[in-house]
Colleague: 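Below is the structure I would like to discuss, written out as structure tokens.
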2 protein chains.
Amino acid sequence: MATPSMEDYLERIYKLIDEKGYARVSDIAEGLEVHPSSVTKMIQKLDKDNYLIYEKYRGLMLTPKGKKMGKRLVDRHQLLENFLTTIGVQEDNIYKDVEGIEHHLSWDSITCIETLLEYFRREPSRMDELMNVRKDLEADN
Amino acid sequence: MATPSMEDYLERIYKLIDEKGYARVSDIAEGLEVHPSSVTKMIQKLDKDNYLIYEKYRGLMLTPKGKKMGKRLVDRHQLLENFLTTIGVQEDNIYKDVEGIEHHLSWDSITCIETLLEYFRREPSRMDELMNVRKDLEADN
DNA sequence: TGCTTGGTGTAGCCATTGCTTTATTTCCCC
DNA sequence: GGGGAAATAAAGCAATGGCTACACCAAGCA
């Protein structure tokens, strides 16, 4: 299984390839705010675990396994952002919270949160009702 | 600020005191599945950070700060368990997931999840509707 | 009283995870 | 072919927390 940091790298790589068609060491490093040498090292680890195929100085390609996992990770991240937004968490807390929890939820939990979001999406008035509850609770203090 | 591990200890200690009136090193160690020496070390750290007052061989007492934080941590844990249960996560995933995310959510997020739970509590039929969404989504596959 | 014993405390060590620094290598393009 | 940007290798460091081994205290019993 992948460590949290491996997931961060894989997520970033998937996104870069998705957006620009390729993922360079320096882009990955910049995105994650680490030094290039850290990226090289992690890429080698990801290669060893068959998430990607890596050729020194030549670049990398995600394997099917890597693509699949990358997509899941990116989707998961997005889902969690949507979830926190939906329930009313402040913008400035969302990124850090997602960053913190995304690596620690089972896919079962992810699926359930997905369902919950769909629940609110289907009937937007439900969010209004949620906000009413919020106002009630705030009034209690 | 407290590290994840410090929070685990504080949570455990608060619970022990709440249930038995005191918290012995060996009980804490057993609860967290670590060796007693690790507990002593952490207790000293918690003392240094004013979460508790510690006297060698004599036991410990939570300070007001420690009590307040301990209660928050225990409540937070419970809240997250309830949340995952409510949205339909399987029993066997809940503990590990909560264990994983509890240290990584802002109090803003916690409050919002609290509101969400209250939303379902007020009108239990909402959970039925949530389960209907779930069935729909499952049928799609 | 004094000894035994179980619970505690101390010190030093180890593992994991990642990151940095520094020095070197490779590629690409002029 | 040479220069510079990018990438890599090697070594080391820092934070976190856990463990082992051994020393120590204190309560209860003989």
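Sequence lines set the chain letters: A, B, ... in the order given, protein chains first and strands last, and positions in each chain run from 1.
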Colleague: Which pair of heavy atoms, one from A:V34 and one from A:V39, lies closest together, and at what distance?
Modeller: CG2-CG2, 3.9 Å
Colleague: Quick test: give all pairs of protein nitrogen or oxygen and nucleotides 8-10 of chain D nitrogen or oxygen below 3.5 Å, distance rounded to 0.1 Å.
Modeller:
residue : atom : partner : partner atom : Å
D:dT8   : OP1  : A:Y54   : OH           : 2.7
D:dT8   : OP1  : A:Y57   : N            : 3.0
D:dT8   : OP2  : A:T40   : OG1          : 3.0
D:dT8   : O5'  : A:Y54   : OH           : 3.4
D:dT8   : O4'  : A:Y57   : OH           : 3.4
D:dA9   : OP1  : A:K56   : NZ           : 3.1
D:dA9   : OP2  : A:Q44   : NE2          : 2.3

Colleague: Please determine whether a side-chain nitrogen of the Lys or Arg among B:E118 and B:R121 lies less than 4.0 Å from a carboxylate oxygen of the Asp or Glu.
Modeller: yes
Colleague: Run the salt-bridge test on B:E138 and B:R134 with the 4.0 Å N-O cut-off and return the result as yes or no.
Modeller: yes
Colleague: Quick check on side-chain contact (heavy atoms from CB on, under 4.5 Å): which of A:L130, A:V133, A:L116 does B:F120 satisfy it with?
Modeller: A:L116
Colleague: Nearest 0.5 Å, what's the CG-CD distance between B:N82 and B:E114?
Modeller: 10.0 Å
Colleague: In whole angstrom, what separates A:R24's CZ from C:dC27's P?
Modeller: 16 Å
Colleague: Applying ring-ring contact (aromatic ring centres under 6.0 Å, His included) as the test, list every pair that has at least one member in residues 48-87 of chain A; sequence neighbours left out.
Modeller: A:H77-A:Y95, A:F83-B:F83
Colleague: Are B:R122 and A:E129 close enough for a salt bridge, meaning some N to O gap below 4.0 Å?
Modeller: no
Colleague: Classify the nucleic acid contact of A:S5 as base, sugar-phosphate or nothing, counting any heavy atom under 4.0 Å across all strands shown.
Modeller: sugar-phosphate
Colleague: Separation of A:E7 atom CD from C:dG18 atom P, in whole Å?
Modeller: 10 Å
Colleague: What's the CE-P distance between A:M6 and C:dC19, to the nearest Å?
Modeller: 12 Å
Colleague: Determine: side-chain N/O of B:H35 to OP1/OP2 of D:dG18, distance under 4.0 Å, yes or no.
Modeller: no
Colleague: In whole angstrom, what separates A:M42's CE from C:dT16's P?
Modeller: 15 Å
Colleague: Please state how far atom CG in B:D47 lies from atom P in C:dG9, giving the value in whole angstrom units.
Modeller: 11 Å
Colleague: Rounded to whole angstroms, how far apart are OH on B:Y9 and P on D:dG17?
Modeller: 9 Å
Colleague: Side chain of B:T3 only, heavy atoms from C-beta on: which candidate in D:dG17, C:dT20, C:dT8 is closest?
Modeller: D:dG17
Colleague: Show your reasoning for whether side chain to side chain contact (heavy atoms under 4.5 Å, CB included) applies to A:T86 and A:L117.
Modeller: CA-CA 8 Å; A:T86 298; A:L117 272 192; 3.3 Å; yes
Colleague: Polar-atom pairs under 3.5 Å, protein N or O versus N or O of nucleotides 2-6 of chain C: list them with distances, or write none.
Modeller:
none

Colleague: Quick one: A:L60 CG to D:dA7 C1', roughly how many Å, whole number?
Modeller: 12 Å
Colleague: Whole angstroms only, please: what is the CG-P distance between B:L46 and D:dT16?
Modeller: 14 Å
Colleague: Got a sec: does the NZ of B:K68 have more than 12 other heavy atoms crowding it under 6.0 Å?
Modeller: no
